[in-house]
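Report on one structure; see the data block that follows.
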Number of protein chains: 2
Amino acid sequence: MKIRPPTIKDVAERAACGIATASRVLNGRGSTSEKTREKVLAAAAELGFEFSDLGRSLQSSTTRTIGCVVPSLANPVFADVVQAAQAEANRAGYQLILACSDYDAELESRAIRTLLAKQVDGLIVTVSNVDDSEGLQQVTARGVPCALVYNRPCEGFPAWTVDNRAAAAAVAREFSQLGHRHTGFLALEFGRSDRSRERFEGFAEACATLGMAPPVLLEIAEQEGQLLELLRALLAANRDVTGIFASNDYLALAAMKAARGLGMRIPQDLSIVGFDGISTGLMVEPNLATVVTDPRAMGEGAARTVLARLAGKTPPARPDPSRTFSFRQGGSLGPPLPGNTDGGEAATSPPSRQ
Amino acid sequence: MKIRPPTIKDVAERAACGIATASRVLNGRGSTSEKTREKVLAAAAELGFEFSDLGRSLQSSTTRTIGCVVPSLANPVFADVVQAAQAEANRAGYQLILACSDYDAELESRAIRTLLAKQVDGLIVTVSNVDDSEGLQQVTARGVPCALVYNRPCEGFPAWTVDNRAAAAAVAREFSQLGHRHTGFLALEFGRSDRSRERFEGFAEACATLGMAPPVLLEIAEQEGQLLELLRALLAANRDVTGIFASNDYLALAAMKAARGLGMRIPQDLSIVGFDGISTGLMVEPNLATVVTDPRAMGEGAARTVLARLAGKTPPARPDPSRTFSFRQGGSLGPPLPGNTDGGEAATSPPSRQ
DNA sequence: GTGAAAGCGCTAACAA
DNA sequence: TTGTTAGCGCTTTCAC
């Protein structure tokens, strides 16, 4: 059974004083006689009084609340982002309201709308597409401070993100140096994430520049729990590929497992590079080569940016794009077998081996 | 710059009608003439009006908001719990306010207090210690519906949890059957998690029953980034142990890695069993044997329970304790080398813990 | 069918 | 120093 929490009115009544006096005492503002002070404090204690933020918020039109929308918490990258943002917000006396969009633009804009209705003071979001986000338009219309995370900066929204294209290009360079010519880009929910697309584009561009074959786009339509089977099929159908760049580490690890299931050796038969730098990449054998990013820094930075705007201070500087990632070597990346190196320009026609 | 969002008053003014009428139209309640209906709708559209939940909440003394407190999102188990709870809450038109306690009782009760002040309608929490939680007392005092997750049930708080003791006993049985006699229990933050303690106790008890040596408690005091070093030291100092039960999968994976670093073969030289059943356990070679739990079901169940109480319906039944986990075989668990099986009864003397 | 007014919990301006 | 009052955005009687 819900108990009606005592209000400041109850306190005032019990202390036999006016509401305003109670408010002053409880807030430690204004001047009050020692006697009434004590009476009020006693009354509050006896009643177990706690302020209701609702009344306060309505009156101050500020909720000390920040909305946060990320695609999913199942991805440790976003879990870290949220955790860091939450910690930072807390430190400033703000609460975080969370919503997951599940990589769905519709859910995403609905979430933003709801958060806005709740009068959040600020917003931290990762949208699926910055260029066409109904949610962001709403935000603009309302003039609520908002920072993007892992999205490209966009018309007045500061973004804490990694330079996806540059990072992808770095991966291409690694592959190239080792002698890979036929690579694939592995992605889940490709159409639903502009991050993925940027990585692919950056990768493809660099491959072209480096004189490698255009990377094959290995796209997976998520089928609950079918991941490994799908991956195996995909790998089996693309035997000419000697190196795979996965759009995230989890996928990369899954690909390693699938490859092993097909009897392929890593990295001799197939090199794999991930993206994100989650710690489990270091737990597997061989270690996963990957692009390391710093999700906590992103989350914290985004929170600071929003908080700064709220406080009227100047927001923290965002890191230089080239510093937003680093390439981490790992046993999953090595030179292709000699036989594969010069797979030939005809590689597109007959699958080299079956 | 923050824009003052249009209020229902603005709409009424623009539609040249009373506030009450605007409210009725916008809420689709009560009867209104077609003409005013259109005027109001038009005004609202032109103004880009959206209800403010603040006023509504104050008025209805309900926020359609649920507070959620978990130790950390870095642990995928809790990330899943939160994600599932959030999804379920959303489905019912509720929002989730998140707080992480960082395994700190102080932060935990502060978080609960703040959430309560925000007038959350319900609460979903994992506390560090159900028997001594200031936060839970507050909750009781306020009579707010609250479900526990991964905690033991407690004086009126329904808990969605796994039977830690039974699960741990099952692990002991597996070890025993394979011929292990000297095992260790590996835990991080042991003192800060009653879950860990229950697992250890259940494990120790079962070991005793099965005639095995008492498990060595291998406790790690988290040192940012030092995990592997500490693990290696711990393993090196406990060579007589043939099997390790880790209090969570992440730790188990780290232990596998550390063991490999010491040149130990898994499972011949050391068997390792985890707890949780996170998917990366299946990505490593050999696969991690573990206790599989269902965090999403826990989060969803907890949310349903709270939501049901809020709706005055009967809450969903919680699963039978024996169904809350299942043991998953994996290559990380095997029989010890013959030479190790009868490693000797002196194992208890050298100070295994300090 | 419609609008005025009270009230949800709180703070701030103004009187006393 | 203290109390009264208006008002934050909204819903809901209750007259009209």
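This structure is a prediction, so every number in the text was calculated from the model and none was measured. Sequence lines set the chain letters: A, B, ... in the order given, protein chains first and strands last, and positions in each chain run from 1.
Side-chain contact check for Thr293(A) and Tyr150(A): at least one donor-acceptor pair (N or O, by modelled atom type) lies under 3.5 Å. Side-chain contact of Thr62(A) with Asp121(A): a donor-acceptor pair under 3.5 Å is present, judged by distance alone.
The two residues Val144(B) and Gly122(B) have their closest heavy-atom pair at CG1-CA, 3.7 Å.
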* Mind running salt bridge (charged side-chain N to carboxylate O under 4.0 Å, His left out) on Arg37(B) and Glu34(B) for me, showing each step along the way? => CA-CA 5 Å; Arg37(B) 234 182 66 82; Glu34(B) 186 58 23; 3.6 Å; yes
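The residue Arg29(B) sits close only to the backbone: its heavy atoms come under 4.0 Å of sugar-phosphate atoms, none of a base. Contacts of Ser61(B) with the nucleic acid, taken as non-hydrogen atoms under 4.0 Å apart, are absent. Within the nucleic acid shown, Gly18(B) comes within 4.0 Å of sugar-phosphate atoms alone, with no base atom in reach, counting heavy atoms only. Residue Asn27(A) is classed as a sugar-phosphate contact, given heavy-atom separations below 4.0 Å to backbone atoms only.
For dT2(C), the OP1/OP2 oxygens have a side-chain nitrogen or oxygen of Thr36(B) closer than 4.0 Å. Ser33(B) has a side-chain polar atom (N or O) that falls below the 4.0 Å cut-off from OP1 or OP2 of dT2(C). Applying the 4.0 Å criterion to OP1 and OP2 of dT11(C), one finds that Arg56(A) has a side-chain N or O inside that range.
Below the 3.5 angstrom threshold, one finds no donor paired with an acceptor across the side chain of Arg37(B) and the base of dG1(C).
Whole-Å rounding puts the Arg24(A) CZ to dC10(C) P distance at 15 Å. Residue Gln59(A) contributes atom CD, which lies 4 Å from atom C1' of dT11(C) at whole-angstrom precision. Distance, Arg4(A) CZ to dG9(C) C1': 10 Å, rounded to whole Å. Rounded to whole Å, the distance from CD1 on Ile8(A) to P on dG7(C) is 18 Å. Distance, Leu58(A) CG to dA12(C) P: 13 Å, rounded to whole Å. Atom pair Gln119(A):CD and dG9(C):P shows a separation of 19 Å (rounding to whole Å applied). The distance between atom CG of Leu26(A) and atom P of dA12(C), rounded to the nearest whole Å, is 14 Å. The separation between Lys35(B) atom NZ and dG1(C) atom P is 13 Å, rounded to whole Å.
Each of Ser60(B) and Cys17(B) lies near DNA chain C, and the nucleotide nearest Cys17(B) is the one positioned closer to the 5' end.
On the nucleic acid side, DNA chain D contacts chain A at distances under 4.0 Å to non-hydrogen atoms, with the end points of that region at dT1(D) to dG9(D).
A cation-pi arrangement, defined by a distance under 6.0 Å to the six-membered ring centre and an angle within 45 degrees of its axis, is absent between Arg192(A) and Tyr103(A).
In this structure, Asp10(B) contributes its side chain and Arg14(B) its backbone to no donor-acceptor pair below 3.5 Å. Side chain of Thr140(B) to main chain of Leu136(B): a donor-acceptor pair is present (N/O by atom type, distance under 3.5 Å, no hydrogens or angles).
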